[in-house]
Amino acid sequence: MSHEDEAGVTRRAALVGGLAGAAGLTALAQGQGTTSARPERMPVVFIPHGGGPWPFVDMGFNDPQEFSALSGYLQSLRAVPKTPPKALLVISAHWEEAVPTVMTSPRPPMLYDYYGFPPASYQITWPAPGDPQLAARVRELLGAAGFQTASDPQRGYDHGTFIPLKLTYPNADVPTVQLSLKHGLDPAEHLAMGRALAPLRDEGVFIIGSGMSYHNLRAGFGRGAQRVAEDFDAWLRETAVLDAPARDARLSQWDQAPASRQSHPREEHLLPLMVIAGAAGADRGTIAYNGTFIGTRLSAVHFA
């Protein structure tokens, strides 16, 4: 090949390269040829789910003012994520297993895990789809953190999930997976579970812990219970807004809080908060709701 031929090839290559580069810049300017934007980082929340089928059935003790306030809060929860979530991961107080376990059915059934209520309580539906891929991702993250895990293809939505989320997502249009608590109810283990799950927040998953800041059915909801709930809830509100190291240290020793065991003789309704705090990472909490249910104080905590 002559020098002239080589020069022609060089000029043609430069021209083609320049055109390709210009096309690439145009595509970038138009948003073409680029990977999709990372989803908005999701908040994590701890919510009170009330008692039994409370907002949907007249149970004889419905307080219109209390019930309206809590219902309104749960309805507003839909607007907390800045962008609609791809899926929900719910840690309910009403499911415990030997190891953290996820439900894997693509069409989870209803699990009416309460008793003694009117017949209409057992006709409530919330047919949200499941998400087997999210369930697998949860197991992957927990496994990488050293947790043994399991799956349950038969498990349905318990009332810690379907009651509050029927208010938040009444169309049942967001894929949802439940994750169990772990037997032993060790707060440090549940904080570690939450830390392992934190990457889901950058994957479009809205993590919700569903429990109560007071849960002592034996003591009931009389005047003495109200004083106990006020004392413990004040500690919880103070703890939730601390920086992460102080918050997690206090949550790990929650049973040293004022009125702790009087508020939670058994702590299954508090442990979803530990998972949420773990997933919060360095985010500081805010008290998103503070009200009463049958006269006893309760709070919701958001981290974002």
Side-chain angles (χ1 to χ4, degrees), residues 35-49 70-95 100-108 110 125-142 151 155-181 190 193-211 240 272-286 288-289 300-304:
T35 58
S36 59
R38 172 182 268 186
E40 189 81 32
R41 191 168 205 228
M42 288 287 146
V44 289
V45 301
F46 172 71
I47 63 171
H49 62 237
L70 183 54
S71 293
Y73 160 69
L74 290 170
Q75 290 165 355
S76 75
L77 192 64
R78 185 184 184 108
V80 171
K82 294 179 181 178
T83 56
K86 292 167 49 181
L88 311 176
L89 177 64
V90 183
I91 301 90
S92 166
H94 291 280
W95 189 18
T101 303
V102 288
M103 56 194 300
T104 56
S105 172
R107 295 286 174 188
M110 302 296 293
T125 61
W126 190 69
D131 190 336
Q133 288 187 323
L134 173 57
R137 176 66 172 146
V138 169
R139 294 190 69 183
E140 176 187 27
L141 290 170
L142 290 173
S151 62
R155 174 81 183 187
Y157 296 126
D158 62 52
H159 79 275
T161 293
F162 74 78
I163 290 296
L165 294 188
K166 187 174 177 67
L167 291 165
T168 307
Y169 296 99
N171 295 328
D173 52 0
V174 184
T176 302
V177 169
Q178 271 193 231
L179 168 66
S180 78
L181 300 174
H190 287 80
M193 285 169 57
R195 293 184 193 108
L197 297 171
L200 295 175
R201 299 179 62 189
D202 294 317
E203 299 171 16
V205 178
F206 186 16
I207 307 176
I208 300 171
S210 175
L273 173 60
M274 313 309 182
V275 181
I276 294 306
D283 292 346
R284 295 178 80 119
T286 58
Y289 176 79
V301 186
H302 295 184
F303 299 89

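Atom set for the values below is all heavy atoms of this structure, side chains included, hydrogens, waters and symmetry mates excluded.
Distance CG/Leu197 to CD1/Ile91: 6.5 Å, rounded to 0.5 Å. To the nearest 0.5 angstrom, Met193 atom CE is 6.5 Å from Leu181 atom CG. With values rounded to the nearest 0.5 angstrom, Leu70 atom CG is found 8.0 Å from Leu167 atom CG.
Among Arg137, Arg41, Lys86, the single residue meeting the salt bridge (Lys or Arg N to Asp or Glu O under 4.0 Å) criterion with Glu203 is Arg137.
When every heavy atom of Gly130 is checked against every heavy atom of Pro108, the shortest pair comes out as N-CD, 3.3 Å. Nearest heavy atoms, Pro199 versus Ala196: CD-O, 3.3 Å. In plain terms, the two heavy atoms of Thr176 and Ala128 that are nearest each other are OG1-CB, 4.1 Å. Met103 approaches Trp95 most closely through the heavy-atom pair N-CH2, 3.7 Å. Across all non-hydrogen atoms, the minimal contact from Val138 to Val102 is CG1-CG1, 3.6 Å. Considering every non-hydrogen atom in both Ile47 and Pro164, the closest pair reads CD1-CB, 3.8 Å.
Relative orientation of the His49 and His159 rings is perpendicular, given thresholds of 30° and 60° on the angle between their planes. Relative orientation of the Tyr73 and Tyr289 rings is parallel, given thresholds of 30° and 60° on the angle between their planes.
For the pair Pro106 and Pro132, the minimum side-chain heavy-atom distance is below 4.5 Å. Using a 4.5 Å heavy-atom cutoff, the side chains of Leu200 and Leu134 are in contact. Here the side chains of Met42 and Thr83 are in contact, with some heavy-atom distance below 4.5 Å. Using a 4.5 Å heavy-atom threshold, the side chains of Val45 and Ile276 count as separate. Residues Arg139 and Thr104 have side chains not in contact (no heavy-atom distance under 4.5 Å, counting atoms from C-beta outward).
Arg195 pairs by the side chain to side chain contact (heavy atoms under 4.5 Å, CB included) definition with Leu191, Ala192, Asp248, not counting sequence neighbours. Judged as a salt bridge (Lys or Arg N to Asp or Glu O under 4.0 Å), and not counting sequence neighbours, the contacts of Asp158 are Arg155. Among residues two or more places apart in sequence or in another chain, the salt bridge (Lys or Arg N to Asp or Glu O under 4.0 Å) test is passed with Arg284 by none.
Ser105 places a side-chain N or O within 3.5 Å of a backbone atom of Arg107 that can act as its donor or acceptor partner. Side chain of Ser180 to main chain of Thr101: a donor-acceptor pair is present (N/O by atom type, distance under 3.5 Å, no hydrogens or angles). For Trp126 (side chain) and Tyr169 (main-chain N/O), a donor-acceptor pair under 3.5 Å exists by modelled atom type. Remark: the backbone N or O of His94 is paired with a side-chain donor or acceptor of Ser92 at under 3.5 angstrom. Side-chain atoms of Thr168 never come within 3.5 Å of backbone atoms of Leu77 as a donor-acceptor pair (strictly under, hydrogens ignored).
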Would Thr161 and Leu88 count as a side chain to side chain contact (heavy atoms under 4.5 Å, CB included) if you check the C-alpha gap in whole Å, the side-chain angles of each, and the deciding distance to 0.1 Å? CA-CA 10 Å; Thr161 293; Leu88 311 176; over 6 Å; no
Would you please test Val205 and Val177 for side chain to side chain contact (heavy atoms under 4.5 Å, CB included) and show each step? CA-CA 10 Å; Val205 178; Val177 169; over 6 Å; no
